[in-house]
Amino acid sequence: MSTPLCAENITVGIALFMFFKKRKYDNLTDLVASCQQQDRAAQHIFYERYKRKMLGICQRYTRTVSEAEDIFQEAFIKIFKHIDELREPELADQWVKKTIIRTALTYYSLTTKKEQVYTVITEEELNLETTDGPDIISRMDLEVLLTIIRELPDGYRTIINLYLIDGYTHAEISQMLSITESTSKSQLSRGKDLLIKRIQQHGGVEYERSRKRS
């Protein structure tokens, strides 16, 4: 004789289902292993695990949200295609981030001419005092700072992200971008100068706005 279907039995059934579903992927190693076997549920959980943070990284490297979304989707196609190559599942976080960044770099190398990427800024743009650079940057609101970085020319934005935010060395950057280390250092120096000027300009605009409101 079958057990009558009632609200209590349904509730218990759902609880058991959620329990075993949670147990199935209770650590990153299990989750990666399931993704390597093309488990759709695991792939969905893996995708959601990284979506917010990695989309944020994409936005740092791009000019627009739509570009960031395109890069993110393209990167995850690569991630699921090559996840069998991930031999150390505990390092999945670093592997995913590296794939995201390399996809962003490839995107700009294909869509932007080299002479546009490594923009030469004018002497007028560089005519500023930068002795308070570290201080002015440290005082900035993070979201405002990231917005200003996104508005920089492609080459400067890329170098600043790679070196200052993501921690790559000039040697690593030179390999990733197929440039010399001296070019990487020069781009970083000029990029920081331009970033500080943009921050100073932003501060002047905000001061004028607050003065008008008062």
Side-chain angles (χ1 to χ4, degrees), residues 52-72 75 94 97-213:
R52 183 174 180 180
K53 183 175 181 179
M54 295 302 147
L55 190 54
I57 291 175
C58 291
Q59 290 176 347
R60 284 200 279 107
Y61 279 86
T62 58
R63 292 181 295 258
T64 67
V65 173
S66 61
E67 285 180 338
E69 291 172 344
D70 288 345
I71 290 170
F72 177 77
Q94 298 94 311
K97 181 180 179 181
K98 184 179 293 185
T99 303
I100 291 285
I101 292 174
R102 289 188 178 277
T103 302
L105 299 180
T106 300
Y107 175 88
Y108 274 101
S109 70
L110 294 175
T111 60
T112 310
K113 293 181 179 179
K114 197 166 186 176
E115 60 266 25
Q116 293 174 323
V117 173
Y118 301 107
T119 310
V120 177
I121 55 181
T122 65
E123 290 301 319
E124 181 181 357
E125 287 178 303
L126 288 175
N127 185 25
L128 72 157
E129 295 294 331
T130 59
T131 54
D132 63 342
D135 290 335
I136 195 172
I137 291 175
S138 66
R139 294 196 300 267
M140 287 290 295
D141 175 80
L142 179 60
E143 290 301 319
V144 174
L145 178 60
L146 292 177
T147 297
I148 294 173
I149 290 175
R150 285 176 60 187
E151 294 171 350
L152 293 173
D154 294 346
Y156 300 142
R157 182 180 66 249
T158 299
I159 297 292
I160 285 173
N161 271 300
L162 288 172
Y163 187 87
L164 293 182
I165 300 179
D166 292 316
Y168 288 95
T169 65
H170 286 296
E172 290 170 327
I173 293 170
S174 69
Q175 292 182 346
M176 296 168 77
L177 300 180
S178 300
I179 60 176
T180 65
E181 288 188 45
S182 61
T183 298
S184 176
K185 293 175 182 178
S186 173
Q187 289 289 314
L188 177 65
S189 178
R190 287 173 171 263
K192 286 196 295 185
D193 285 347
L194 184 56
L195 173 61
I196 293 168
K197 180 169 185 179
R198 296 281 176 87
I199 290 173
Q200 290 173 336
Q201 291 171 339
H202 175 82
V205 170
E206 289 300 308
Y207 171 76
E208 287 298 321
R209 288 177 179 170
S210 63
R211 192 167 65 86
K212 289 177 180 178
R213 285 195 297 264

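This chain uses plain numbering: 1 for the first residue, then up along the sequence. In this text the structure is predicted, and so the values were computed from the model without any measurement.
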Can you name the side-chain hydrogen bond (donor to acceptor under 3.5 Å, both in side chains) partners of [X], sequence neighbours left out?
X: Asp70; result: none
X: Lys98; result: none
X: Arg60; result: Asn161, Asp166
X: Gln59; result: none

Looking at every non-hydrogen atom in both residues, tell me the closest pair between [X] and [Y] and how far apart they are.
X: Ala68; Y: Cys58; value: O-CB, 3.6 Å
X: Ala75; Y: Thr99; value: O-CG2, 4.1 Å
X: Ala104; Y: Tyr61; value: CB-CB, 4.0 Å

Within this structure, what is the [atom1]-[atom2] distance for the pair [X] and [Y], rounded to the nearest 0.5 Å?
X: Arg150; Y: Ile160; atom1: CZ; atom2: CD1; answer: 14.5 Å
X: Thr158; Y: Tyr108; atom1: OG1; atom2: OH; answer: 7.5 Å
X: Ile148; Y: Glu151; atom1: CD1; atom2: CD; answer: 7.0 Å
X: Leu55; Y: Thr62; atom1: CG; atom2: OG1; answer: 8.5 Å
X: Ile71; Y: Thr106; atom1: CD1; atom2: OG1; answer: 9.5 Å
X: Ile57; Y: Lys97; atom1: CD1; atom2: NZ; answer: 5.0 Å

*Would you say Leu177 and Thr183 make side-chain contact, with heavy atoms under 4.5 Å?*
no
*Does Leu194 reach the side chain of Pro153, with side-chain heavy atoms less than 4.5 Å apart?*
yes
Among all residues two or more places apart in sequence or in another chain, which pass the side-chain contact (heavy atoms from CB on, under 4.5 Å) test with [X]?
X: Glu181; value: His170, Ala171, Ser174
X: Lys53; value: none
X: Gln175; value: none
X: Ser182; value: Thr180

*Evaluate the side-chain hydrogen bond (donor to acceptor under 3.5 Å, both in side chains) criterion for residues Tyr163 and Gln187: first the C-alpha distance (whole Å), next the side-chain angles of each, then the deciding distance (0.1 Å), finally the verdict.*
CA-CA 11 Å; Tyr163 187 87; Gln187 289 289 314; over 6 Å; no
[X] side-chain N/O to [Y] backbone N/O, donor-acceptor pair under 3.5 Å:
X: Glu67; Y: Arg63; result: yes
X: Ser189; Y: Lys185; result: no
X: Arg157; Y: Ile149; result: no

